[in-house]
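The block underneath contains the structure these notes are about, expressed in C-alpha cells.
Values in this document were obtained by computation on a predicted structure and should not be read as measured data. Values reported hereafter were calculated over all heavy atoms of this structure, with side chains retained and with hydrogens, waters and symmetry mates removed. A, B, ... follow the sequence lines: proteins, then strands. Residue 1 opens every chain.
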Amino acid sequence: MASAVVKVRGLVKDYGRFRALRGVDLEVQQGEVFGFIGPNGAGKSTTIRCILDLLRPTEGSVEVLGTSDLRGHPEVRARVGYLPGELAMHGSSTVREHLAYLCELRQGRGAERVEELAARFGLDLDRRFRGLSKGNKQKVGVVQAFMHTPDLLILDEPTSGLDPLLQQEFLRLAREAHVGGATLLVSSHILSEVEAIAGRVAIIRAGAIVDVEDVAKLRERAGQHVTLTFDEPPSLEAFSALPGLEQVSVEGHTLSAVLHGAPDALLKEASRHTVTRWTAHDRNLEELFMDHYRPDGAASDGDRA
Amino acid sequence: MSSFPVLRRVLQSRRRPLSIWTVALGGVCGMYTSLYPMMEKVNLQEMMEALPPAMVEALGYDDMTSAAGYVGSATYGLVAMALLLVFGIGNGAKILAGHEEAGDLELELTSPLSRQTIYAQRLAALWVQISVLVAMVLLVTLVLNAAQSLGIPLDDLMAGTLGLWLLTGLFGSLAFAVGAATGRRAVALGVAAGAAVVGWMFNAIGPTVGVDWMSAVSPLGWYMADNPLTRGFQPLGSSLLAVTTVVVLVAGWMRFLRRDLMT
C-alpha cells in the first residue's frame with residue numbers, strides 16, 4: 001500500500017480576523033499526481049505555503065515526506081521542488097546566474113540539468129531578468145522546480161503564462177517525473193489544466209476541501225455544454241428523455257443541453273435527423289461549482305434540475 | 001566554493017551601489033577634512049562666536065580650534081555619520097525585509113538552507129558593506145592626517161572609527177532586525193530612522209538644556225558625546241553600542257524563525 005507523502009490534517013490559517021483556511025484535510029499518496037483545484041482566493045496557495053513551512057498554521061498539522069518538522073529537516077527540503085505562483089525576479093542578473101544560485105542553495109544539485117531543461121522550453125539563459133516576460137519567468141520557475149529531480153514536486157499554477165506548446169512540454173516533463181517515481185501536487189483554478197496529468201483531484205472552496213475525486217469522475221460530473229443545430233426544429237420531449245442530458249432547451253433549430261457521461265444516446269437520437277452544426281465544450285470549474293458545490297454544501301449529484 | 005551562497009549573492013548584487021557609495025563617501029569626507037587648513041586661516045573661532053552659542057553646541061561645533069575637534073565635529077560627528085546612517089538603515093531594511101517583500105526569499109526558504117542561515121548571511125552582507133564604507137572614511141582621514149599634518153593622534157582616530165563602525169552597525173542592525181521581525185521594509189526604515197533622529201536630538205539638545213540623561217541614553221551619546229575624535233577609546237560607550245546591537249539582533253532572529261513569510 002502506498003504511503004502518504006503529504007498529509008494535511010485540520011489545517012486552519014487565520015490572517016488577523018480573516019480565516020483563510022477552515023480546516024483543510026489533504027492526503028497525497030506516494031507516486032500519484034494530485035490536482036488541487038479551486039477558484040482564485042479559495043486557499044490553494046495558502047495551503048501550499050503551509051505545506052512548505054513558509055506559513056505557520058494557526059491550527060492543524062502538516063506532514064511532508066514523513067516529517068512534521070520541515071524546518072528542522074533540511075535533507076527533506078532538499079527532496080522537494082517548488083514552483084511559486086508568482087516568481088520573483090529582479091535586478092540585473094541573468095537567468096543563468098540566477099539558476100546557478102538556486103543550484104548552489106542545494107549544494108550544486110540540479111546544475112547538470114539546467115541546460116537541457118532550458119533548451120526544452122526555449123529559455124534563453126543569457127537573458128537578463130529585467131524585462132523578462134511572464135511566460136519566460138514561468139519557464140525559469142519550471143526549470144528550477146524540476147532541475148534537482150525532487151521526490152516531491154509542489155507546483156502552484158504551473159502552466160499559467162505558458163503558451164499551449166509549452167504547456168504540452170510541461171505536461172511531458174511532469175509525466176517524466178511521475179514515471180521516474182516523483183509525487184506531484186499541482187494546483188490550478190482551471191480543471192482542464194490538471195486533468196491531463198492528475199489522477200485524483202481535490203477541490204477547495206472558501207478555505208475548505210469540498211471534494212476529493214478521480215479526475216474522470218469529476219469530468220463526468222462537470223459535463224459538457226452541447227449544442228446541435230438541425231435543419232428543422234427538434235423535439236424537446238425526445239431529447240429531454242435521454243439519459244445524462246440536463247437543462248435541455250430548444251431555440252429555433254438549435255438544441256442546447258448539458259451532457260454528463262457518454263454522448264452515445266444523444267448522438268444516436270440526433271442521427272435520426274439532419275445535423276447542420278454541433279458544438280461540445282467542457283464546462284468550466286465555475287459552472288461545476290454552481291451545480292455541485294453551493295455554499296450550503298448540498299451536492300445535487302445526479303439529480304435532475 | 002559552495003560556502004555562504006546567500007552572502008556572496010547579495011554582495012554580488014550590491015557591487016555597483018556599494019562602489020558608488022564608497023567613492024562618494026570618500027570624496028565627501030576628503031572634501032570636508034581637507035577644508036581644515038583653510039578654516040584655520042579664516043579664524044573659525046571668530047565665526048563661531050558670531051553664531052548663537054546654543055546652536056554652536058547643538059551642532060557640535062564648539063571645538064574648532066584643533067584638527068581633531070574640527071574633523072570630529074564636521075566629518076565623524078556629522079557628514080560621515082549621517083551618510084553612514086542613511087546607508088546602514090536603508091540597506092538594513094532592504095537586505096532582508098525588502099527582498100522578502102519582493103518575493104526573493106521564497107525559494108531560499110524552501111531550499112535546504114535554514115532560516116538561521118539566511119538571517120545570518122544576509123546580516124553578514126550588511127556588516128561587510130558597512131565595514132567597507134567605514135574603512136573608506138578611516139583611510140581618507142588617515143591619508144589627509146598625514147598629508148596635511150593635521151596631527152590627530154592615531155589612537156583617538158582608531159577609537160573614533162571603532163565607535164562610528166559600531167554606531168552604523170547598530171542602526172543598520174536595528175533596521176535589519178525590525179525588518180526580519182515584521183517582513184515590512186517601511187516599518188524597518190521608519191523605526192530605525194526614527195530612533196536615529198531621536199537619538200541625535202537627545203544627544204544634541206540634552207547638553208544645551210542641561211539634562212544629562214538625554215545624551216546618556218542616546219546611542220549617539222555613547223558614540224561621540226560632543227566629539228568622537230577627542231575622547232579616546234570609550235569602553236562603556238562601545239560596550240553599550242555592541243550589547244544593544246546583539247539584543248536587537250537576537251530579538252529579530254527569534255521572531256524571524258517563527259513567523260509567516262510575507263509576500
Is it the backbone or the side chain of [X] that comes under 4.5 Å from a heavy atom of chain A, or both, or neither?
X	value
B/Ser13	neither
B/Leu105	neither
B/Arg259	backbone
B/Gln12	neither

[X] portion near chain B, given a 4.5 angstrom heavy-atom threshold:
X	value
A/Arg49	side chain
A/Tyr82	both
A/Leu102	side chain
A/Leu87	side chain

Once rounded to the nearest 0.5 Å, what's the spacing between atom [atom1] of [X] and atom [atom2] of [Y]?
X	Y	atom1	atom2	answer
A/Arg71	B/Leu257	CZ	CG	8.0 Å
A/Glu86	B/Glu106	CD	CD	9.5 Å
A/Arg109	B/Ser111	CZ	OG	11.5 Å
A/His98	B/Asp104	NE2	CG	7.5 Å
A/Leu54	B/Met262	CG	CE	12.5 Å

Counting neighbours of [atom1] on [X] that are heavy atoms of other residues, nucleotides or ligands and sit closer than 6.0 Å, is the number greater than 12?
X	atom1	value
B/Met31	CE	yes
B/Trp21	CH2	yes
B/Lys94	NZ	no
B/Arg258	CZ	no

inquiry  = Show every salt bridge (charged side-chain N to carboxylate O under 4.0 Å, His left out) that has at least one partner inside residues 140-150 of chain A, sequence neighbours left out.
reply    =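 Sorted result for residues 140-150 of chain A: empty, none.
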task = Kindly say whether B/Thr110 contributes a backbone atom to a donor-acceptor pair with the side chain of A/Arg77 at under 3.5 angstrom?
result =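 Flag not set: sc A/Arg77 to bb B/Thr110 has no pair under 3.5 Å.
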request  = Give a yes or no on whether a salt bridge exists between A/Glu104 and B/Arg9, defined as a side-chain N under 4.0 angstrom from a carboxylate O.
outcome  =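 No, A/Glu104 and B/Arg9 are not salt-bridged.
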message = Can you confirm whether B/Val6 sits close enough to A/Leu105 that some side-chain heavy atom of one is under 4.5 Å from a side-chain heavy atom of the other?
response =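 Heavy-atom side-chain distance check passes, below 4.5 Å.
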request  = Determine the minimum heavy-atom distance between A/Ala88 and B/Ala102, stating which atoms define it.
outcome  =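 Answer, listing the atom of A/Ala88 first, then B/Ala102: CB-O, 2.9 Å.
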